[in-house]
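Sequential numbering from 1 along the given sequence is applied to the chain's residues.
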Amino acid sequence: MVDTAVALLDERGADGLSLAAVARELGVRTPSLYHHVAGLDGLRRAVRLRGVERLGDVLQRAATGRSGRDALAAVAQAYRAFGREQPGLYALTLAGRYEDDRLATAARRVVDTVLAVLRGYGLDGEDALHATRYLRSALHGFVALEQEGGFAMPIDRETSFAVLVDATDAGLRQLADRTTARSERA
């Protein structure tokens with residue numbers, strides 16, 4: 001059922017995801033879905049969990065065995081690919097807070113992977129958390145604009161993405177240098 005919902009979400013967007021649509025695709029009556037999920041909210045939660053878990057898997061595989069700029073570039077490419085290949089799931093994955101324990105645990109895995117990449121830059125603690133927000137903002141901004149057709153200029157998007165990765169790498173190095181200098185003064 002969750003796989004069907006994910007496919008509908010990617011094909012039709014958030015507005016196309018309903019219990020009736022999932023039931024139609026599965027060839028069952030809508031009320032029978034209530035044996036598996038607590039209504040549309042329960043379905044969205046199950047789909048969102050699937051998305052957060054998949055994003056965690058994708059990012060962890062990309063980062064494994066890499067460090068520094070290499071890890072950053074691999075994670076950035078994996079993040080972008082996830083958004084491109086599953087646009088509806090991507091959008092639902094990032095929507096809102098992760099208040100339930102399973103969602104929070106899955107989200108923590110995503111964050112832990114990013115923090116591991118940032119440790120390769122010498123960033124830890126609060127500086128790494130700020131850098132996580134910076135990285136997420138940069139990547140999400142690119143992915144969202146790309147999904148919405150926001151890059152209308154006739155120049156190569158791959159080159160633009162490479163510039164984003166290079167600029168992010170430079171920004172992370174600068175933040176790490178500032179952090180080191182601050183620690184040395186203390």
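- For Y79, the side chain to side chain donor-acceptor pair (under 3.5 Å) partners are Y90, not counting sequence neighbours.
- Judged as a side chain to side chain donor-acceptor pair (under 3.5 Å), and not counting sequence neighbours, E11 has no contacts.
- Counting only heavy atoms from C-beta outward, the side chains of V37 and L19 approach each other to under 4.5 Å.
- The side chain to side chain contact (heavy atoms under 4.5 Å, CB included) test with V47 singles out one residue from L92, L8, T4, T93, and that residue is L92.
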Side chain to side chain contact (heavy atoms under 4.5 Å, CB included) evaluation trace for D124 with L118: CA-CA 7 Å; D124 212 355; L118 296 172; over 6 Å; no

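- Taking the side chain as every heavy atom from C-beta outward, T168 and L72 approach each other to under 4.5 Å.
- To the nearest 0.5 Å, the span separating CZ on R157 from CZ on R80 amounts to 7.0 Å.
- Within the structure, ring pair (Phe, Tyr, Trp, His ring centres under 6.0 Å) pairs that include any residue of residues 34-59 do not occur (at least two apart or interchain).
- Expressed to the nearest 0.5 Å, how far CZ of R48 lies from CG of L9 amounts to 12.0 Å.
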Evaluate L175 against Y121 for side chain to side chain contact (heavy atoms under 4.5 Å, CB included), listing each step before the verdict. CA-CA 9 Å; L175 179 59; Y121 284 88; over 6 Å; no

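- With hydrogens and angles disregarded, no donor-acceptor distance shorter than 3.5 Å links the side chain of D127 to the backbone of A176.
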Carefully, step by step, assess F161 and D156 under the rule side chain to side chain contact (heavy atoms under 4.5 Å, CB included). CA-CA 9 Å; F161 193 73; D156 183 54; over 6 Å; no

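- Classification of the F151-F142 ring pair by plane angle, with boundaries at 30° and 60°, yields tilted.
- How far CD of Q174 is from OG1 of T179: 10.5 Å, rounded to the nearest 0.5 Å.
- To the nearest 0.5 Å, the span separating CG on D10 from CZ on R12 amounts to 12.0 Å.
- Residues D177 and R173 are not paired through a salt bridge, judged by the lack of any N-O separation under 4.0 Å between the basic side chain and the carboxylate.
- If you take CD on Q77 and CD on E158, they are separated by 6.5 Å, rounding to the nearest 0.5 Å.
- A distance-only check finds a donor-acceptor pair linking the side chain of Q147 to the backbone of G83 [under 3.5 Å].
- A distance of 6.0 Å separates CZ in R54 from CG in L89, rounded to the nearest 0.5 Å.
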